[in-house]
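Each chain gets a letter, A, B and so on, in the order its sequence line appears, and its residues count up from 1.
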Amino acid sequence: MIKTVNIKPENFKELYFPTLAEITEVQQFTEKEKWYKLSLLDGSNLGHYPGQFVEVSIFGAGEAPISITSAPNSYGSFELCIREVGMFTEMIHKMKAGDKLGIRGPFGQGFDVNELYGKDILIIGGGIGIVPLRSLINYILDHRQDYGRLIITYGARNSKDLLFPEELELWQSNPDVEFHQTVDYGDESWKGNVGVITTLIPPLDLDLKNTIACITGPPIMYKFVLLTLQSKGLQDDNIYMSLERRMKCGVGKCGHCQINHSYVCQDGPVYHYPDLKLIREAI
Amino acid sequence: MNGYYLSQENVKDFISHLMKKKTVYAPHAKADHSFVFEEVVDADNVILDYVRTLNSIKKYFMPSREVMLRYNLDDNSYSIEDVEPVKGIFLGVHSYDMQAVLRLDHSFSHGNPEKNYLTRRLDNIFIGTSFTPDNFHFSSSVNIQPHKTEGFDLFMHKTDRGYVLEEVTKTGSDLMKGFDQLTKFHGEYPNSEHFKSHLYAPQEKLSKVFEESYDNPVWHEIAQKCVGCGTCNLACPTCYCFDVEDHVDLSLQSGSRERRLDSCMLRGFTEVAGGEVFRDRLADRIRHRVYRKFKYISDSAGEPWCVGCGRCTIYCTAGISIVDIVNRLVSDYDKKQIVQDSDMIAAWD
């Protein structure tokens with residue numbers, strides 16, 4: 001017998017109906033990346049956790065999953081940082097303050113801030129992976145006394161690709177944050193580290209028992225970061241990571257984001273690494 | 001619950017009786033050996049003795065295309081498209097297609113109960129007919145006998161001279177009211193048919209077989225033949241993965257957001273912006289599809305998600321048989337067990 005679920009019609013859910021949001025601020029970070037501040041027009045709060053995503057929709061163009069980059073707040077606005085990479089994001093990049101977008105969500109499992117309570121947090125962000133991690137970083141900064149050390153490692157392709165320039169400076173100057181950044185390719189203007197993100201990890205002095213690593217980056221990065229953390233002696237149990245997949249519906253139906261038995265839009269995008277090890281296609 | 005004899009001559013009157021109650025959907029001939037479910041206009045055109053229909057009745061609850069939203073681009077106004085219950089009588093449904101609907105019910109109700117599908121499923125009546133398995137049916141291997149009545153309100157067991165009509169639910173009994181050309185049937189309902197195609201393991205074993213089959217070379221061997229066209233997904237009564245796309249009208253003022261069935265066998269299925277494809281190898285896509293039918297959903301839902309209808313094998317443009325794939329996995333698994341057992345015996349000696 002199939003395990004059926006009996007649901008009364010009044011509990012059927014309207015899953016695909018977006019809420020309108022207005023863009024209130026836009027800032028261009030790099031040639032390809034823009035930052036947007038939005039507010040839901042119905043005045044409601046998005047109510048998300050760090051690491052979750054929304055389905056952004058433009059009528060006439062479609063929908064795409066986009067990470068939320070702002071920390072949860074109570075004043076009703078939220079922020080997205082979007083790379084121009086195709087037709088849909090090109091249309092978003094043409095939008096200005098005052099323009100409207102559809103929003104569904106927030107969706108998925110973010111970073112479990114209760115699980116992280118009291119721990120040293122090691123942030124490992126590669127490229128645009130810093131976008132969802134910024135939500136967690138700012139959440140921790142908002143609740144600084146609840147967490148141990150905050151160690152941020154951030155790598156970008158080159159110095160022109162670094163996102164959130166003003167905040168990077170704030171993190172750098174904040175005595176409560178240990179901030180390390182690197183670029184893959186240096187140039188004359190760049191005075192800092194040169195090398196891939198994994199070069200930032202070996203020199204770190206970590207309390208291995210009490211450190212949780214939170215990783216987000218391009219798919220290719222995970223394998224190498226995991227090897228580096230393992231050789232450092234960090235247990236798998238202390239690792240969380242966020243996966244990119246094609247999360248088309250966001251509600252566990254359309255099948256595009258499925259890896260083995262797991263729907264990334266439901267069980268992820270943030271996974272505890274021991275769970276992820278059981279999912280063969282994941283990394 | 002009662003049972004009745006329904007002679008071949010009375011079938012037409014029975015269909016006319018049903019047509020007075022609700023819209024009736026039943027199999028019709030499309031070509032010499034093709035059948036489709038269609039709305040019944042003339043009881044004469046209904047064919048209850050058919051092998052299988054091209055598509056299952058899934059199409060009524062999960063249409064291959066459906067509008068989700070309509071919007072106006074001038075003022076960003078938008079509205080949801082109303083979904084109505086189908087409210088039909090589905091006549092002549094085979095047990096594997098009924099079981100497929102029950103599986104879709106599970107998929108669309110667990111987690112987030114989806115309004116679109118579940119609303120269409122409200123207030124429908126299902127009347128089953130038994131079938132004679134051909135070379136491709138293997139539903140008995142996934143615990144779906146041709147006479148399985150689960151999910152039906154009435155069931156028509158085929159006999160030499162017509163049918164034995166079994167009332168399965170109260171809804172079914174009520175449907176019989178006002179139809180009096182019937183003699184009561186006393187006895188055992190027919191319950192077995194001979195299958196020519198079989199999986200060589202029951203589900204309990206299949207679950208173990210699939211635990212060991214992830215790295216089986218069969219996925220790469222099948223990928224040599226498979227053209228990755230996605231026909232198996234379209235033919236499958238339990239496939240429901242979909243994509244959503246926007247269509248702007250010629251006026252450029254309004255448009256609609258539509259969902260359509262998608263296929264996990266297509267390369268673009270897992271492609272994300274920037275060009276990364278997460279199941280780039282055809283072998284991985286074949287494995288994903290077969291695992292989805294026998295492991296990923298089945299482990300939590302309790303039954304195989306394949307219902308043994310045989311459609312994916314019949315319509316496969318490359319002649320690939322899902323039965324052959326599964327049986328190959330079973331036989332490789334058995335060989336491995338024998339080797340392990342003999343190793344154990346050797347160690348014992």
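- Residues A:H261 and B:R292 fail the side-chain proximity criterion, which asks for heavy atoms closer than 4.5 Å.
- Under the 3.5 Å distance criterion, with hydrogens and angles disregarded, no donor-acceptor pair is assigned to the side chains of A:Q258 and B:Y296.
- For the pair A:R245 and B:F278, the cation-pi test (distance below 6.0 Å, angle within 45°) is passed.
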* Asked: Step by step, would you call A:L15 with B:K115 a side chain to side chain contact (heavy atoms under 4.5 Å, CB included)?
  -> CA-CA 7 Å; A:L15 299 173; B:K115 190 180 143 196; over 6 Å; no
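- Closest non-hydrogen pair, A:G255 versus B:C241, comes out as CA-SG, 3.6 Å.
- Ring centroids of B:Y78 and A:F17 are separated by less than 6.0 Å, placing the two rings close together.
- Contacts with chain A were tallied for B:A301, B:G255, B:A273, B:S79; B:A301 has the most, counting heavy-atom pairs under 4.5 Å.
- Remark: A:R157 CZ is loosely packed, at most 12 non-hydrogen atoms of other residues, nucleotides or ligands lying under 6.0 Å away.
- Neither the backbone nor the side chain of A:P218 has a heavy atom closer than 4.5 Å to any heavy atom of chain B.
- The 12-atom threshold is exceeded at CD of A:Q28, counting heavy atoms of other residues, nucleotides or ligands nearer than 6.0 Å.
- Checked by atom type and distance alone, the side chain of B:Y291 never pairs as donor or acceptor with a backbone atom of A:N260 at under 3.5 Å.
- Heavy atoms of B:D215 lying under 4.5 Å from chain A belong exclusively to its side chain.
- Under a 3.5 Å cut-off, the side chain of A:R83 and the backbone N or O of B:G274 do not form any donor-acceptor pair.
- Residue B:Y117: no heavy atom, backbone or side chain, is found under 4.5 Å from chain A.
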| Pair A:F59-B:L69, side chain to side chain contact (heavy atoms under 4.5 Å, CB included): steps then yes or no | CA-CA 9 Å; A:F59 297 125; B:L69 286 177; 4.1 Å; yes
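- Your options are B:R287, B:K295, B:E276, and the one with the most heavy-atom pairs under 4.5 Å with chain A is B:E276.
- When all heavy atoms of B:N116 and A:E14 are compared, the closest pair comes out as OD1-OE2, 4.3 Å.
- With a threshold of 4.5 angstrom between heavy atoms, B:S300 approaches chain A through N, CA, C or O but not through any side-chain atom.
- With a threshold of 4.5 angstrom between heavy atoms, B:Y214 approaches chain A through side-chain atoms but not through N, CA, C or O.
- Remark: B:S109 OG to A:N11 CG distance equals 12.0 Å, nearest 0.5 Å.
- Looking at B:D262 and A:H256, their side chains do bring a donor and an acceptor atom within 3.5 Å of each other.
- Interface check for chain B: of the options A:S262, A:C257, A:S57, A:C249, the most heavy-atom pairs under 4.5 Å are formed by A:S57.
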ask   = Which is it for A:C254 and B:Y240 under the side chain to side chain contact (heavy atoms under 4.5 Å, CB included) test, yes or no, and what are the steps along the way?
value = CA-CA 7 Å; A:C254 81; B:Y240 62 90; over 6 Å; no
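- The shortest heavy-atom contact between B:G268 and A:R246 is O-NH1, 2.7 Å.
- Note that the CG atom of B:D284 and the CZ atom of A:R280 stand 10.0 Å from one another [nearest 0.5 Å].
- Looking at B:L122, only its side chain comes within 4.5 Å of chain A, counting heavy atoms on both sides.
- Using a 4.5 Å cut-off between heavy atoms, A:F88 makes no contact with chain B at all.
- With sequence neighbours left out, the ring pair (Phe, Tyr, Trp, His ring centres under 6.0 Å) criterion links B:F152 to B:F155.
- B:D243 touches chain A through backbone and side chain together, each having a heavy atom under 4.5 Å away.
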Can you give the donor-acceptor pairs under 3.5 Å from side chains of residues 46-54 of chain A to other protein atoms, not counting sequence neighbours?
| unit_1 | atom_1 | unit_2 | atom_2 | d |
| --- | --- | --- | --- | --- |
| A:H48 | NE2 | A:S70 | O | 2.9 |
| A:Q52 | OE1 | A:Y49 | N | 2.8 |
| A:Q52 | NE2 | A:G108 | O | 2.7 |

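- A:K253 contributes no side-chain N or O that, together with a main-chain N or O of B:E114, makes up a donor-acceptor pair within less than 3.5 Å.
- B:Q99 touches chain A through backbone and side chain together, each having a heavy atom under 4.5 Å away.
- When heavy atoms are compared at a cutoff of 4.5 Å, B:R259 approaches chain A solely by way of its side chain, counted from C-beta outward.
- The pair B:R279-A:E281 meets the salt-bridge criterion, since a charged nitrogen lies less than 4.0 angstrom from a carboxylate oxygen.
- Side-chain contact of A:K100 with B:N76: a donor-acceptor pair under 3.5 Å is absent, judged by distance alone.
- Interface remark: of the candidates B:S254, B:G302, B:P113, B:P113 forms the most heavy-atom pairs closer than 4.5 Å to chain A.
- Annotation for A:K277: atom NZ counts as buried by contact number, over 12 foreign heavy atoms lying within 6.0 Å.
- Within the model, atoms CZ of A:F12 and CG of B:N112 stand 13.5 Å from one another, a figure rounded to the nearest 0.5 Å.
- Under a cut-off of 6.0 angstrom, the local environment of CG in A:L278 is crowded, with over 12 non-hydrogen atoms contributed by other residues, nucleotides or ligands.
- For the residue pair B:L73 and A:G60, the shortest heavy atom distance occurs at CD2-N, 4.2 Å.
- No other option in A:P219, A:P9, A:G86 has as many heavy-atom pairs under 4.5 Å with chain B as A:P219.
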